[in-house]
A.B. asks: 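If you scroll down you'll find the structure; I have some questions about it.
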Amino acid sequence: MEGSAVEIPCQADPSDGLAEAKQDHYAEYLAKVNETNDVQATEDICNSRGVLLVKAGARIDQGVAERILQHKLIKPLEDQVALKDQIDGDKLAGHFALLARRFSDIARINRSLNFEAEFKTLIHFPAVSSCLCQKITVLMERLPEHFEAGLFGGWLGALVAREMRLGKDQIRAAFFAGLTRDLGFLHIDPAIVYKQGALTAEEWRAIMSHVLVANLFLSNLSCVTQEVVTAVVEHHERYDGTGYPTGRSGTQLSTLGNIIGLVDTLQALRMKQFAKRGRNLMDARPYLQLNVGKHSVPVYEAMMKILKKSGLQMTRTQGDELAIVAARLQDRLVTLQKVLPVLEQLIKLSSELPRLNKQGRSSSVVATNVLDMIQRSGLNQDELIDWARGVENDPQTSDVDEINEMELLANELIWQLNSVHRACRQFCEEQGTNSAAMVRIEAQCKLLGSLLSPG
Ligand SMILES: [Fe+2]
């Protein structure tokens, strides 16, 4: 293999493992789009040695994509192809309107905060920068969930920026950063991006590389400001230093990076935890309160103000569901109780290792934070489990709010414990079990996994 059109920059720390996604897979996504929406080479496409690979006018079908995939190109593929139908500001606004129709909390917030007209202007600006339209179209056609996440992120990012009283340019930059933050996925092996089920450590590293890949191509676009690029690169960093790719924290992160980081987390919460239960953004309040150190104070406060002004109410558990929710809550509380000593053991064992790489340090910090959150929340106490059992046996409507809030907190903690488990598994895979300490860490990691997913 000769190389690739997109390579991870050499400044990427190899210990991040982010240098996995060396090959650019954009041609494969284009070939799939081409099945329903013509994708044509607008000029002769040559490899880095000047050898002609694809003639101008040719369609980018599967065979052509496979040929391109084997070569490093002389210039980025996106600059040498055109789509027959491409998204523009009008279409994007139409997609946002559909999203707001499907999720009434989005419509409610937009109305209550009087953001509708301003957002329409943003989403059309100017025809959503035509240089980005190709990528956004491919994202919409091939990774619709990420496209929807982009729409949500652009909208909420801009709204948070406005609530923080940032200038018009920064509000616009927040919109673009939210919209484009996951375009990097379009360069990662589709076999990994579409994979169902658990990813290996190597696959996770490829997934995490989407921020660095986005950095490469967004930096080359004249319509994208450096502020937007930085926010996209930072959208998985967290204020407490537990994010990636650099683990930077606090004021080392840009204001927009902090905003898009919060928005990205809320989107994940909506899709992975709220969607099935019909919950709304107000249900994210316990998450925000629990994770207060994960986001910068002005961003956190702006988000809380938006929720307050929206007039949304937390989703209420229906009376006839109360016993079921109380039973489920008991299971989660028991799990939280059982994992506490495992977490303590993991933290202790990792502190005894002679050297921890970045992955290990980050896992240990996240585990310590989650342990602290469980203890602060008090959800591990016997009295609470007894109370939930009492509600299950004799459900009263006066218990609804408390049960609801506790379930949200417990769900969030279980979610975070799953992240700790994943990071720990990745750390064990990377380090191997060539020492007694690593053998013990791996055993605790397995125990944590079995407690979180019994059977
Ligand atoms: Fe992302």
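Along the sequence shown, residues are numbered consecutively beginning with 1. First listed ligand is number 1; within each ligand, the first listed atom is number 1. What you see below is based on every heavy atom in this structure, not just the backbone, and it leaves out hydrogens, waters and symmetry mates.
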A.B. asks: Can you tell if the side chain of Asp264 reaches within under 4.5 Å of the side chain of Arg181, non-hydrogen atoms only?
C.D. replies: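 Touching, per the 4.5 Å side-chain cut-off.
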A.B. asks: Can you tell me the angle formed at the Fe ion (ligand 1) by NE2 of His236 and NE2 of His210, to 10°?
C.D. replies: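 Reported to 10°, the angle equals 90°.
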A.B. asks: Salt bridge between Asp105 and Arg279, side-chain N to carboxylate O under 4.0 Å?
C.D. replies: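 Looking at Arg279 together with Asp105, the answer is no, because their closest N to O distance does not fall below 4.0 Å.
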A.B. asks: Under a 4.0 Å threshold between the charged nitrogen and the carboxylate oxygen, would Lys309 count as salt-bridged to Glu163?
C.D. replies: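 Result for this pair is yes, salt bridge flagged.
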A.B. asks: Is the closest basic N to carboxylate O distance between Glu301 and Lys308 below 4.0 Å?
C.D. replies: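 Salt bridge absent between Glu301 and Lys308.
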A.B. asks: Starting from the Fe ion (ligand 1), look over the N/O/S atoms of His235 and name the nearest one.
C.D. replies: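 His235's closest N, O or S atom to the Fe ion (ligand 1) is named NE2.
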A.B. asks: Restricting to N, O or S atoms, which atom of Asp182 is closest to the Fe ion (ligand 1)?
C.D. replies: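 Nearest N/O/S atom: OD1.
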